[in-house]
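Numbered from 1 within each chain, the chains take letters A, B, ... in sequence-line order.
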2 protein chains.
Amino acid sequence: MAKRRRVANLMALAVLSAVAFRQMHPYEMATTLRGWGKERDLQIKWGSLYTVVRNLAKHGLLAEVESGREGRRPERTVYRITDEGRAELVDWARELLSVAEPEFPRFRAGLSVMAVIGPDEVVTLLQQRLAGVERETAEARAALELHSPRVPRLFLIEIEYDLAMLAAEAAWMRSLIEEISGGTLPGLAEWRHHHETGEISAELVELADSSIEQYGKK
Amino acid sequence: MAKRRRVANLMALAVLSAVAFRQMHPYEMATTLRGWGKERDLQIKWGSLYTVVRNLAKHGLLAEVESGREGRRPERTVYRITDEGRAELVDWARELLSVAEPEFPRFRAGLSVMAVIGPDEVVTLLQQRLAGVERETAEARAALELHSPRVPRLFLIEIEYDLAMLAAEAAWMRSLIEEISGGTLPGLAEWRHHHETGEISAELVELADSSIEQYGKK
DNA sequence: GACCGGTTATTCGCAGACGAGTATACGCAC
DNA sequence: GTGCGTATACTCGTCTGCGAATAACCGGTC
């Protein structure tokens, strides 16, 4: 599943969806996507944009229309989508909506090494992050209000998704904070002990050498 | 916030956390992380592993201990963590636990171009993905059961996080499916019309040209 | 004792991502 | 009409992620 795309960068998806409406030149694609409130998807990386467009053209998903210039500005190349490009857009969307693949958010990585920090400090850090998540929630809500008067809900659905996920994350964080600060997390004493003395339980060290049946391993 | 790391790849974090226990050579780091059930974090990319380790060494976060060989096997280089490396590990963990930064999961990208597919097919696709999410949930639960007898909960906390997020995602997807298939999603008729005829509402086209105040823009 | 498949352990090379730099045009002040 | 700040539009070079190739060793089998 999740076949190898000729141009794998997700920015290519956004580009295709913009050019699907009408032909345009690269810079215009960026501003168009902004106009649709999609700039959150891709915090436009200029370097990538041009590489991606060139690759799409190379693989026949976009075609060069004209390479005119206005005045003595740097030459602008206008692209249009090809039938193949349209097919790729639809196929890719199908894949993204139907295939669940595990992802690895940065916060998850932080959790997986949480033990290197003491429990008391962890509580403080999590509280900070919780505040950040709440800020993001407010921003998303604001974006929804800003755009919904003119953009149909269908085109803002990913912001609703953001809101749902942010809410879930906040709830989970609150309960973890509660468990640690309330002292109900099992193993809290060992954690504190490990952190203060630097001692490592023998079993954990031993585990490092054992090779056991793995999770997620096909 | 979120300062530039000397070695930015998250695999470096995992490597540091492994080497923090005892000195080892690269291949051993991979198996150690497996032993702790952390292989989900990084589906070990062999190419990256060696690049990352070399970079960590270059920046003084790891130090070469010995470069012995056994028999006529390829030479093995053993690394130990430096004080600087230990500091980086802790500092990085602090950052990851305290800073919330928006991320862009692939599914979100799919949602943002959902309109290129018709509503009926979208329902089918979402149902497929929902099944996938449920499968992942089962796997995570199994992993938790497999490891919890010997690994303290503290070290499996990221799996609990996975479970919470998967549950939220499933719930959200179910409600979206319900709205579309139940016909209660506003704009459903236009969507269907657009999909069948290829027509684009004039306002949307117009929006592409306007440049309005942006969401998420600092 | 020759062969074979699996595990251990690492190197290589290329494609791709992206920060930073470049250059022109335009609007506005004075 | 001259100067300057800002928007437009793109290019270049670097760094790095990672797939695929490589190769030695081990243990079994006929």
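- Within the model, atoms OG1 of B/T124 and CG of A/L97 stand 11.0 Å from one another, a figure rounded to the nearest 0.5 Å.
- With rounding to the nearest 0.5 angstrom, the CD atom of B/E145 is 11.0 Å from the CD1 atom of B/I159.
- Each of A/W46 and B/K45 has a nearest nucleotide on DNA chain D; the 5'-most of these lies closest to A/W46.
- The cationic group of B/R129 lies under 6.0 Å from the six-membered ring centre of B/F107 and within 45° of the ring axis, placing it in a cation-pi geometry.
- Comparing atom distances between the B/R76 side chain and each of C/dA20, C/dA9, C/dA17 picks out C/dA9 as nearest.
- For A/T77 against D/dC10, no side-chain N or O and base N or O form a donor-acceptor pair under 3.5 Å.
- Nucleotides of DNA chain C nearest to A/L10 and B/L49 differ in position, and the one nearer the 5' end is that of B/L49.
- B/Y50 has a side-chain polar atom (N or O) that falls below the 4.0 Å cut-off from OP1 or OP2 of C/dT10.
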Next on the checklist: Using side chain to side chain contact (heavy atoms under 4.5 Å, CB included), reason through A/L62 and A/V15 one step at a time and then give a plain yes or no.
Outcome noted: CA-CA 10 Å; A/L62 293 185; A/V15 164; 4.3 Å; yes
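- Out of D/dG17, D/dA9, C/dA17, the shortest distance to the side chain of A/Y27 is found at D/dA9.
- Not one side-chain nitrogen or oxygen of A/S48 sits closer than 4.0 Å to the OP1 or OP2 atom of C/dA17.
- For B/H25, no side-chain nitrogen or oxygen approaches OP1 or OP2 of C/dT8 to under 4.0 Å.
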